[in-house]
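Both backbone and side-chain heavy atoms feed into the values below; hydrogens, waters and symmetry mates do not.
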Amino acid sequence: MSFSGTVKEELLRHVPAARHCQIAELAAILHFCGHYRLEPMGKLTAAGRGGGSGREKEVVQNAEKSAQNTLKLFIQAENEAVIRKCFTLLKKTFNINTNVNESFSKKIAGKSVSCSILLEDPEEVRQVLQTTKFMDGEGGLADLRGPVSALLIKNSCCQRAFLRGAFLAAGSMSDPEKSYHLEIVCTNSAQAEQICSILLLFQVEARIVQRKKYQIVYMKDGTGISDFLNIVEAHVSLMTFENYRIVKEMRNSVNRRVNCETANISKTVSASTRQVDDILFLKQKYGLANLPENLREMAEVRLENPDAPLRELGEYLNPPVGKSGVNHRLRKLSELADRLREVSKEQ
């Protein structure tokens, strides 16, 4: 199972104790996965989906008020965990028992399973929709894909429950061992902006990007994703995610240190090679015996210890000299070698 699937399985098992939180989570699932069905005289003749055209909403609203039509509520998702959670919430919140149906659709690489719940009892549909604020007291229907009522998510605990339902219904995560990426797929900008505004209440910043016809709320920051898992109370997944982060950050730290050490070694070797070349040139063209005593001693020590760092070279001198003193003497030798090269070229 993917890490995203593991997170959803944990969220599936987490059922809030408070009824208002259960309603907020159920509202999130309806918000992303719910559809209206209109069946007159027991035969399906029209269907109104949340987020459909104004004409479709008008048909649904008018038909709901007609005695000849029956409004049904349909919840469908490809992830079975969403439907299982919806089933649990309907039972605990409204004491509604319903059946979970499976349908299969063909795809290029095999078959895709889609699970669904259909509420057919008019009283149950009315109770669920009015409680989740998608239906008013007169039977008028709200757009399921429109912003969820602020009354449902006014408390911090209900905001957590709403985000939990939103991630279950439309969210996904990449494997944290490979990359940090969490997203929630929204059908319109109003959905996306409401998710972002709720996250901001918890000091978590998310961004919105358009992908084809969808608005994607996403996070690529490890800290933000960690905070999100804490908000939706996926604590086991949070610990697993943090373990991945620790290992990844430690690996990156080790790599940075190794790269730094490698660069320093390469720099030291390059400088040492250049210094030895300069001293050999001086030995051939000028003679080390003609150098001042401090530079002659420095040249001999460097030739005897071509790979030694500057600090170690200073300890071989008599009296010992610090790193800056060694660097100064070697620079003098290099400058002298450069002047001799220029003179050689002119001749």
Are N97 and K91 packed together at the side-chain level, in the sense that at least one heavy-atom pair is separated by less than 4.5 angstrom? yes

Pairs flagged by ring pair (Phe, Tyr, Trp, His ring centres under 6.0 Å) wherever residues 192-227 is involved - sequence neighbours left out: none

Sequence neighbours excluded, every pair satisfying salt bridge (charged side-chain N to carboxylate O under 4.0 Å, His left out) that has a member inside residues 169-197: E183-R211

Residues in salt bridge (Lys or Arg N to Asp or Glu O under 4.0 Å) contact with E335, at least two apart in sequence or another chain: none

Of all pairs that satisfy salt bridge (charged side-chain N to carboxylate O under 4.0 Å, His left out), the ones with a partner from residues 302-321, not counting sequence neighbours: none

Keeping to residues at least two apart or across chains, list the salt bridge (charged side-chain N to carboxylate O under 4.0 Å, His left out) pairs with something in residues 267-289. D278-R341

Using side-chain heavy atoms (C-beta onward) and a distance below 4.5 Å, is S189 in contact with I208? no

Separation of N305 CG from E300 CD (nearest 0.5 Å): 11.5 Å

For R207, give me all partners under salt bridge (Lys or Arg N to Asp or Glu O under 4.0 Å), at least two apart in sequence or on another chain. none

Working to the nearest 0.5 Å, report the span between CZ of F162 and SG of C157. 14.0 Å

Main-chain N/O of P16 paired with Q22 side-chain donor or acceptor, under 3.5 Å: yes

Got a sec, which residues hit side chain to side chain contact (heavy atoms under 4.5 Å, CB included) with T98, two or more places apart in sequence or on another chain? F87, L90, I117, L119

Tell me every residue that passes side chain to side chain donor-acceptor pair (under 3.5 Å) with N290, counting only those two or more places apart in sequence or in another chain. none

Is it true that, when you exclude Q130 itself, more than 12 heavy atoms of the residues, nucleotides or ligands shown sit nearer than 6.0 Å to its CD? yes

Atom pair CD1 (I184) and CZ (F167), whose distance is rounded to the nearest 0.5 Å: 7.0 Å

Measure the OG-NZ distance between S149 and K154 for me, rounded to the nearest 0.5 Å. 9.5 Å

Knowing that exactly one of L229, V232, N243 qualifies, which makes a side chain to side chain contact (heavy atoms under 4.5 Å, CB included) with L238? L229

I want to check something: taking the side chain as every heavy atom from C-beta on, are T131 and T93 in contact at a cut-off of under 4.5 Å? no

Is it true that E233 and R164 have a side-chain N and a carboxylate O under 4.0 angstrom from each other? yes

Closest approach of L12 and A81, non-hydrogen atoms and distance? CD1-O, 3.5 Å

Of all residues at least two apart in sequence or in a different chain, which pass the salt bridge (Lys or Arg N to Asp or Glu O under 4.0 Å) check with K8? none

Going hydrophobic residue to hydrophobic residue with side-chain gaps under 4.5 angstrom, can you get from L282 over to L280? yes

Give a yes or no on whether K323 atom NZ has more than 12 heavy-atom contacts from other residues, nucleotides or ligands under 6.0 Å away. no

L152 side, atom CG; H31 side, atom NE2 - distance, nearest 0.5 Å: 11.0 Å

Are any non-hydrogen side-chain atoms of Q215 and N188 less than 4.5 angstrom apart? no

Residue set satisfying side chain to side chain contact (heavy atoms under 4.5 Å, CB included) with L317, at least two apart, ordered chain then number -> E297, M298, V301, V321, V326, R329

Could you list the residues that satisfy side chain to side chain contact (heavy atoms under 4.5 Å, CB included) with E123, not counting sequence neighbours? D121, R126

Partner set under side chain to side chain donor-acceptor pair (under 3.5 Å) for K220, not counting sequence neighbours: H181

Are R245 and E242 ion-paired here, with the side-chain N under 4.0 Å from a carboxylate O? yes

Electrostatic pair R257-E261, nearest N-O below 4.0 angstrom: no

V185 reachable from L11 in the ILVMFWY side-chain graph, under 4.5 Å edges: no

What distance separates C115 SG from R84 CZ, expressed to the nearest 0.5 Å? 9.5 Å

Any chance NZ of K332 has more than 12 other-residue heavy atoms, nucleotides or ligands included, within less than 6.0 Å? no

